Chemist: 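Following this message is one structure expressed as structure tokens.
Chain identifiers are assigned alphabetically (A, B, ...) following the order of the sequence lines, protein sequences preceding nucleic acid strands; residue numbering begins at 1 within each chain. Since the model is a prediction, treat every value here as computed from it, not as a measurement.
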Amino acid sequence: MAKSYWLMKSEPNVFSITDLKGSPGKTCYWDGVRNYKARNYMRDEMKVGDGVLFYHSRVDPAVVGTAKVVSKGYPDHTAWDPASPYYDAKSGPDNPVWYMVDIQFQSEFARPLALAELRKVRALKNMVLLRKGVRLSVQPVTAEEFRTILGLARRVSK
DNA sequence: GCCAACGTTGGC
DNA sequence: GCCAACGTTGGC
């Protein structure tokens, strides 16, 4: 199957691209997603080798770099750890409800691509990220959108 | 910090 | 199965 592309949101004060870069093997598991649609993407559609845009939400919202998917979806064990902030009594080792994938750091952009800047780019006007009211923390990106973002990241800031 | 928009829960 | 109420997300 062809490579797919995704955008994954994280609040930088919780887990930033710098944290990902500093993780062992520059790899982390993407735990804590508790939204069914986002879960379905991770559980059913994400593949090893898929491209990921790393997005910082809330604080200076911007796409800040890229990563790649390095595992298929597998159960998110933080859901059955009562000590975890992501604990969910619905889920257990025998009946996992929530899933995650592993991602590995690939690049950090020379400058963040702010949400406000992306809104001005015609080629991105249909991007899920820019649609009103979309709160999905894992969302699909087209190959063309992915390419456009990489191109913008390479361009010098005005 | 505000608040609009969303997803989920729970009463009926 | 509906839908109001609630908690959360996330841009501004």
Chemist: Can you find a side chain N or O atom of A:R119 that sits less than 4.0 Å from OP1 or OP2 on C:dC12?
Modeler: yes
Chemist: Let me see the working for A:Y36 and A:W98 under ring pair (Phe, Tyr, Trp, His ring centres under 6.0 Å), right down to the final yes or no.
Modeler: CA-CA 8 Å; A:Y36 288 102; A:W98 303 112; 4.7 Å; yes
Chemist: Above 12 or not: heavy atoms from other molecules or residues under 6.0 Å from CG of A:D81?
Modeler: yes
Chemist: Can you list everything that forms a ring pair (Phe, Tyr, Trp, His ring centres under 6.0 Å) with A:F109? Sequence neighbours excluded, please.
Modeler: none
Chemist: Considering residues, nucleotides and ligands other than A:K47, do more than 12 of their heavy atoms fall under 6.0 Å from its NZ?
Modeler: yes
Chemist: Starting the side chain at C-beta, find the nucleotide from C:dG10, C:dC12, B:dG7 nearest to A:K9.
Modeler: C:dG10
Chemist: Taking DNA chain C as the partner, which of residues 50-59 of chain A come within under 4.0 angstrom of it by heavy atom?
Modeler: A:Y55, A:S57, A:R58
Chemist: Which of residues 131-138 of chain A have a heavy atom under 4.0 Å from DNA chain B?
Modeler: A:K132, A:G133, A:R135
Chemist: To the nearest Å, give me how far apart CZ (A:R34) and C1' (B:dT9) are.
Modeler: 17 Å
Chemist: Can you say whether the rings of A:Y41 and A:W6 are parallel (under 30°), tilted (30 to 60°) or perpendicular (over 60°)?
Modeler: tilted
Chemist: Round to a whole Å and report the spacing from CD of A:E11 to P of C:dG10.
Modeler: 7 Å
Chemist: Return the orientation label for the A:F146 and A:Y5 ring planes: parallel under 30°, perpendicular over 60°, tilted otherwise.
Modeler: tilted
Chemist: Below 4.0 angstrom, N of the basic side chain to O of the carboxylate: do A:D76 and A:R39 qualify?
Modeler: no
